Amino acid sequence: MVPRFRAAPVQSTCGSLSEFMRVDLSSLNAPQKSAVRTLDGPLLVLAGAGTGKTRVITMRMAELIGSGVPPEKILSVTFTNKAAKEMLERTRAILGGRLKTRPWISTFHALCVSLLRQDISRLGYPQKFTILDRGDQESVARSVLRDIRVTEKSLRPGDLLGIISRWKSAGLSPLRAAHEAVDDREYLATMAYRRYQDRLRSTGSVDFDDLLLLAAELFEEHPDVLDRHQQRFSHVQIDEYQDTNGIQFRLIEALVRKHRNLCVVGDDDQSIYGWRGADVQHILNFGRYFPGAQVVRLEDNYRCTDQILAHANRLVRHNRGRHGKVLRASKTSSHEVRFLNYPDEQLEAEKVVFEIRFHIQQKGVPAGDFAILFRTNEQPRLFESELRRQGVPYLLVGSQSFFDRKEIKDLMCYLKVLDRPEDEQSLLRIINVPSRGIGPGTSGKLLERAVKEGRPFWDVAGEAARAGDVPKKAAQALLEFRDLLRSWQVRFQNRPRDMAALTRELIDAIHYDREIEKQYPDPQQQLGRQAVVDEFIDALAGYVEKTPDPSLTEFLDNCSLNDRDEEPDKEQQAAENAVKLMTLHSAKGLEFPRVYMVGMEEGILPHKRSVDAEDERGIEEERRLCYVGVTRARDHLTLSRAESRIKWGSRRPTIPSRFLDEMRSEEDLETELEAGE
DNA sequence: CTGATTGACGTTTTT
DNA sequence: CGTCAATCAG
């Protein structure tokens, strides 16, 4: 039984979605059709940029449901929460009212949280564990490094986390890692790794890699659990398979071992997460791991113009170790790809924004058509202030800027402590926020004692307060704070539906507004910060509203995984009609009619760190990153660079990115040469 | 313990 | 040029 598909308009989170996405099954080309119709057995869809990969997955899901597979037996794993939501929306649009139950669509991390919430105690972890977000991880790393007296000069917290993450994705325990360490830095890192892991385990917290690692461990050590989940899902599909890392592969391999109904979709040329442990080999060797796999190649690009695609193809040809695809454009255009030089970075920002404003105001082009893409997070600053100055609406699609804000972190820690009183990591962050007379001296002493004696923080604190081991003022404050937390813990028990209102009350009770006033003398800024707090309450309220059985734990999980509930309506609308600013990494999977890639200079793209590494693979990944950027553009692509740039106070000339020449045709380069002479 | 001032120093991407 | 940690005077 094959369902009849209905064409339906679909809204993407980034504004417009190409026309291609809106059409129905009958318009698929032959390879696409065969991919969609392959319902059983391993299947590899090898596709280029703009060929409708995600659409194939969505269609296939609809096809499965149409042929009688219950939606909840289908597991679709995507790369980001946003993509997951979008995929669900699209499936719903294709099936119309026929989708009664929610298919299981998630990211790897959300999948693992759901597995672990049930069975993590089997691995000796507390039933209620905390997921550390990036900021938490960094502070653990920092304090571990302090413990073993490693200065930040020889190993910075961020770098340590990177090394640990790579080891974890490779499945290396601290002990094994110690054998593998090649230099002093890595040796230091192994010591830090052990302590880091001990610290997490003893506080009942996990980082992102642990989520995957523990889930894999659960499968390997508890066959009954694995069996249950193998039966739970009859079909598994994975989007963006080129970014799968070692643990993710283990997880999936275990899940599909019995039925082998696995469909993966990916583009080896778009693998840009190697630094995070992703391994292209998984997609390159798919056939080896899953013998008999059908391979479908999609090489018809429906997104970019022929000109843009020609540049993309020329660029990526410089990479070795790839499957080798040549994308065919289905769209021709007379718009040339433009290469622009500006004397300095200020002018680059000014002119680019001016041009965008011109098109919006004089030509009536929607602001949402534009995207400015860059390599690093410090680059957008100039563009932001320029956009603001010229009055152009914009949206900085920062990875986690919302959760990075101090206020959000503070409030999250309050909620974490209320949800899990034994979460001392979070307690320490808020014990003196707003300042209540418990300084670092006091809390440090108490923590040290608590750790040494292996007792809960509050036991030690109460004892010390009575014994007069801490200043009188601090002792008083400690007792008051403990009582405050206790009384709120009671109020937050039993999953109250008015969590948001309660949180608001809590904020008032601790006089958080006064803290804000103190921190920010500028009243304008104060308002901004207050708004951040309001936003947080809104997010919480939004979560409660659309969740049947809301819990603080789940809300906090979602926050750590950056799965924020729907943006408030205002923001949503602004997002639809605003110029998007984002890094190349976050642009993955999106598309825009007009793309500006800025700062095309050696040292930025490719980034200096990959150039210095002298490892050709680093450069190749940067090249793929550039390729991803180029292929985001549907109609207009502009690459620009500044001939000089200020760094650390002094202005220095720049060198054009090697990728610029690599992507230009012979003729282009020749005319350029003549013009130069 | 808190709040202000001075100095050193800095290379990337994120679930 | 910024940021952030270390330092010093209430």
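All figures in this text were calculated on a predicted structure; none of them were measured in a lab. Naming: A, B, ... by sequence-line order, numbering from 1 per chain. Computed from heavy atoms alone, side chains included, the values below leave out hydrogens, waters and symmetry copies.
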Between the base of B:dT11 and the side chain of A:Arg609, is there any donor-acceptor pair under 3.5 Å?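 When only heavy-atom distances are counted, A:Arg609 does not reach the base of B:dT11 through any donor-acceptor pair under 3.5 Å.
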Students often get this wrong, so: under 4.0 angstrom with heavy atoms, is [X] touching a base, only sugar-phosphate, or nothing?
X: A:Asp612; answer: base
X: A:Phe79; answer: sugar-phosphate
X: A:Ser610; answer: nothing

Closest nucleotide of DNA chain B for A:Thr376 versus for A:Thr107: which of these residues is on the 5' side?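 Residue closer to the 5' terminus by nearest nucleotide: A:Thr376.
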Comparing A:Gly603 and A:Ser443 on DNA chain B - which has the more 5′ nearest nucleotide: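 Between the two, 5'-proximity favours A:Ser443.
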Using atom [atom1] of [X] as one end and atom [atom2] of [N] as the other, report the distance to the nearest whole Å.
X: A:Tyr241; N: B:dT15; atom1: OH; atom2: P; result: 21 Å
X: A:Gln137; N: B:dT14; atom1: CD; atom2: P; result: 14 Å
X: A:Tyr273; N: B:dT12; atom1: OH; atom2: P; result: 16 Å
X: A:Glu602; N: B:dT12; atom1: CD; atom2: C1'; result: 15 Å
X: A:Arg645; N: C:dC1; atom1: CZ; atom2: P; result: 17 Å
X: A:Met582; N: B:dT15; atom1: CE; atom2: C1'; result: 17 Å
X: A:Arg375; N: B:dT12; atom1: CZ; atom2: P; result: 9 Å
X: A:Glu621; N: B:dT13; atom1: CD; atom2: C1'; result: 9 Å

Side-chain H-bond candidate by donor/acceptor type, A:Glu386 with A:Gln346, under 3.5 Å: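 Checked: A:Glu386/A:Gln346 side chains pair up, N/O donor to acceptor below 3.5 Å.
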Any chance the side chains of A:Glu350 and A:Tyr342 put a donor and an acceptor closer than 3.5 Å?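 Distance-only check fails for A:Glu350 and A:Tyr342.
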[N] phosphate, OP1 or OP2: any side-chain N/O from [X] under 4.0 angstrom?
X: A:Thr583; N: B:dT14; value: yes
X: A:Arg156; N: B:dT11; value: yes
X: A:Asn377; N: B:dT13; value: yes

Between B:dT13 and C:dC4, how far is it from one P atom to the other, in whole Å?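 The same atom, P, in both gives a distance of 14 Å.
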Taking atom C1' in both C:dA5 and B:dT12, compute the distance separating them and give it to the nearest angstrom.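 C:dA5 and B:dT12 have their C1' atoms separated by 23 Å.
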Side chain of A:Arg276: nearest nucleotide among B:dT15, C:dG2, B:dT11?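 The listed nucleotide nearest to A:Arg276's side chain is B:dT15.
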What I'd like to find out is whether the side chain of A:Lys85 reaches to under 4.5 Å of the side chain of A:Glu89, using heavy atoms alone.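 Sidechains of A:Glu89 and A:Lys85: no contact.
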ring centroid sep under 5.5 Å plus plane angle under 30, A:Trp275 with B:dT13: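 Given the distance and angle limits, yes, they stack.
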Tell me whether A:His585 is stacked on the nucleobase of B:dT13, counting only the six-membered base ring and applying the 5.5 Å and 30° thresholds.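 The ring of A:His585 is not stacked on B:dT13.
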Answer yes or no on whether A:Arg201 is positioned over the face of A:Phe129, meaning its NZ or CZ is under 6.0 Å from the six-membered ring centre and within 45° of the axis.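 Cation-pi check for A:Arg201 and A:Phe129: fails.
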Would you call the rings of A:Trp458 and A:Phe481 parallel, tilted or perpendicular, where under 30° means parallel and over 60° means perpendicular?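 If you compare the ring of A:Trp458 with that of A:Phe481, the planes turn out tilted.
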Assess the pair A:Tyr394 and A:Phe383: is the distance between their ring centroids shorter than 6.0 Å?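 Centroid distance A:Tyr394-A:Phe383: not below 6.0 Å, so no.
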